[in-house]
Amino acid sequence: MLILALFLAAISTQYIQGATMSGGKTLYLIRHAESYENKLIHSFKTLIGVFPKDPSSPREPLLPLLGILNVPYLIDCPLSPAGVVQTENLQSWSSSTSFLPSLSSKSPVLIVHSPLQRARRTCLAATGYVTPSSRNNSEDPTLNGSNPGLPNVRVEESQLMIEKTPIEWLPGLGGRLDTRLTDFKDWVSNVPEDTVVVVGHSQWFKKLLGMSFKFDNCDVWKVEVDGEGGWGGASRLYKGNEVEEVVVEKEGVEEK
């Protein structure tokens with residue numbers, strides 16, 4: 001009888017794990033607020049558009065572009081002043097819609113964010129959660145970890161979610177990003193939570209979903225993942241750069 005009971009328990013456990021892994025999931029994807037990297041890239045694109053047409057244009061815009069040479073800074077740079085405002089607006093939206101409390105009241109929620117500080121700051125604004133930092137964040141103590149004490153919420157940081165790196169832009173090396181995305185999809189399919197909030201980066205999300213455009217800063221998108229691992233049904237819940245066009249209704253958020 002004992003052997004039979006153990007056998008039946010093993011089959012039951014295997015069935016439950018299989019059902020959890022093959023079931024559908026709902027993901028909420030949030031792009032980080034504007035960083036100084038975004039400002040530099042925008043300035044660079046503006047410069048490229050101006051100087052070929054008008055060589056006599058003033059060269060002052062070139063000065064901030066010197067920061068492009070500082071690759072380590074660009075990879076993990078802080079929010080711009082506009083980005084700080086965007087996080088404040090995102091936090092207001094999250095609070096007014098009870099974004100995370102509403103999700104966690106229905107089912108367990110996993111929050112996973114990139115380790116880069118612009119994503120950590122945005123995650124904190126959107127959810128109230130961020131993992132304890134492995135780095136010295138004395139300039140911004142809020143990044144050392146936060147927990148508003150909601151039930152059924154777990155938070156993780158993932159190295160798989162860093163933005164597309166300079167090396168991954170080089171011809172023939174883009175497969176490294178593909179590998180990270182595949183590993184992330186496999187990881188998500190195996191976590192016990194069926195609701196996952198993901199805070200990351202524009203190129204990473206663009207490649208993840210096979211989109212032809214990038215999310216705006218602080219955009220919040222909802223994506224359904226079916227039991228076969230298919231990703232689709234993406235819809236935007238919050239338009240980060242145009243908050244005045246978002247109407248908060250009783251049943252959720254609707255764009256005009």
Side-chain angles (χ1 to χ4, degrees), residues 21 25-45 48 65 67-80 83 86 110-123 126 130-131 133-135 155-191 193 196-226 228-236 240-241:
M21 291 173 60
K25 295 182 184 291
T26 301
L27 273 62
Y28 295 86
L29 311 180
I30 305 174
R31 184 193 173 189
H32 65 78
E34 183 188 82
S35 65
Y36 277 103
E37 177 214 27
N38 297 147
K39 285 181 66 67
L40 288 170
I41 291 175
H42 177 72
S43 298
F44 182 75
K45 289 181 178 178
I48 292 298
L65 295 181
I68 288 178
L69 301 178
N70 190 348
V71 175
Y73 172 80
L74 285 180
I75 290 176
D76 192 13
C77 60
L79 297 182
S80 68
Q86 288 170 354
L110 169 64
I111 300 169
V112 56
H113 59 74
S114 159
L116 303 184
Q117 60 179 309
R118 54 192 185 272
R120 291 174 58 83
R121 284 284 300 273
T122 305
C123 185
V130 67
T131 59
S133 176
S134 59
R135 296 169 294 179
V155 59
E156 290 199 19
E157 181 178 277
S158 175
Q159 291 289 336
L160 297 173
M161 292 178 55
I162 60 173
E163 179 60 298
K164 189 174 183 179
T165 65
I167 290 179
E168 290 168 347
W169 281 99
L170 297 176
L173 296 178
R176 294 175 52 158
L177 176 59
D178 293 334
T179 299
R180 287 200 284 120
L181 292 172
T182 298
D183 290 345
F184 177 81
K185 287 183 176 182
D186 290 343
W187 177 75
V188 164
S189 71
N190 285 282
V191 297
E193 296 87 355
V196 185
V197 178
V198 184
V199 186
H201 306 272
S202 61
Q203 293 293 339
W204 193 89
F205 284 137
K206 180 180 178 182
K207 186 73 171 179
L208 178 75
L209 300 178
M211 286 181 155
S212 60
F213 62 92
K214 298 189 300 181
F215 291 175
D216 288 334
N217 293 116
C218 282
D219 265 7
V220 180
W221 287 73
K222 180 180 179 180
V223 177
E224 300 293 343
V225 182
D226 63 32
E228 302 300 320
W231 293 53
S235 60
R236 182 163 51 189
N241 283 344

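The analysis underlying the following values was restricted to heavy atoms, covering all of them including side chains, and did not include hydrogens, waters or symmetry mates.
Contact annotation: the side chain of Asp219 never approaches that of Ile30 to less than 4.5 Å [non-hydrogen atoms, C-beta and beyond]. Contact check for Gln117 versus Pro78: side-chain heavy atoms found under the 4.5 Å cut-off. Thr182 is not listed as a side-chain neighbour of Trp187, based on a closest heavy-atom distance of 4.5 Å or more. Looking only at side-chain heavy atoms (C-beta outward), Gln86 and Leu79 stay at 4.5 Å or farther from each other. The closest side-chain heavy-atom distance from Val112 to Glu157 is not below 4.5 Å. Residues Val196 and Thr26 have side chains not in contact (no heavy-atom distance under 4.5 Å, counting atoms from C-beta outward). Residues Ile111 and Cys123 have side chains in contact (heavy-atom distance under 4.5 Å, counting atoms from C-beta outward). Side-chain contact between Glu156 and His113 is absent, with no heavy atoms from C-beta onward closer than 4.5 Å.
Between His32 atom NE2 and Arg120 atom CZ the span is 14.5 Å, to the nearest 0.5 Å. Atom CG of Leu208 and atom CD of Gln203 lie 12.5 Å apart (nearest 0.5 Å). Rounding to the nearest 0.5 Å gives a distance of 10.5 Å between CG of Leu27 and NZ of Lys185. Atoms CG and OG1, from Asn217 and Thr122 in turn, are 8.0 Å apart once rounded to the nearest 0.5 Å. We find the CD-OG distance between Glu34 and Ser80 to be 3.5 Å, quoted to the nearest 0.5 Å. Of the inter-residue distances, the one linking Phe205 atom CZ with Lys214 atom NZ reads 13.0 Å to the nearest 0.5 angstrom.
For the pair Arg31 and Asp216, the salt-bridge criterion is not met [side-chain N within less than 4.0 Å of a carboxylate O].
Among the candidates Leu110, Val188, Asp226, the single residue satisfying the side chain to side chain contact (heavy atoms under 4.5 Å, CB included) test with Lys25 is Val188.
Between Phe184 and Trp204, the distance separating the two ring centers is shorter than 6.0 angstrom. Aromatic rings of Trp221 and Phe215 (six-membered ring for Trp) have centroids within the 6.0 Å cut-off, being under it.
No donor-acceptor distance shorter than 3.5 angstrom exists from the side chain of Asp183 to the backbone of Arg180, with no hydrogens or angles considered.
When all heavy atoms are compared, the tightest approach of Met161 to His201 is O-CD2, 3.2 Å. Here the shortest heavy-atom pairing between Gly83 and Ala33 reads O-CB, 3.3 Å. Listed here is the closest heavy atom pair of Ile162 and Pro115: CG2-CG, 3.6 Å.
Remark: Ile167 CD1 is loosely packed, at most 12 non-hydrogen atoms of other residues, nucleotides or ligands lying under 6.0 Å away.
Taking the centre and axis of the six-membered ring of Trp169, the NZ or CZ atom of Lys164 falls inside the cone set by 45° and 6.0 Å.
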* Asked: Which is it for Leu29 and Leu209 under the side-chain contact (heavy atoms from CB on, under 4.5 Å) test, yes or no, and what are the steps along the way?
  -> CA-CA 11 Å; Leu29 311 180; Leu209 300 178; 3.8 Å; yes
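Considering only residues two or more places apart in sequence or on other chains, Lys207 meets the salt bridge (charged side-chain N to carboxylate O under 4.0 Å, His left out) condition with Asp178.
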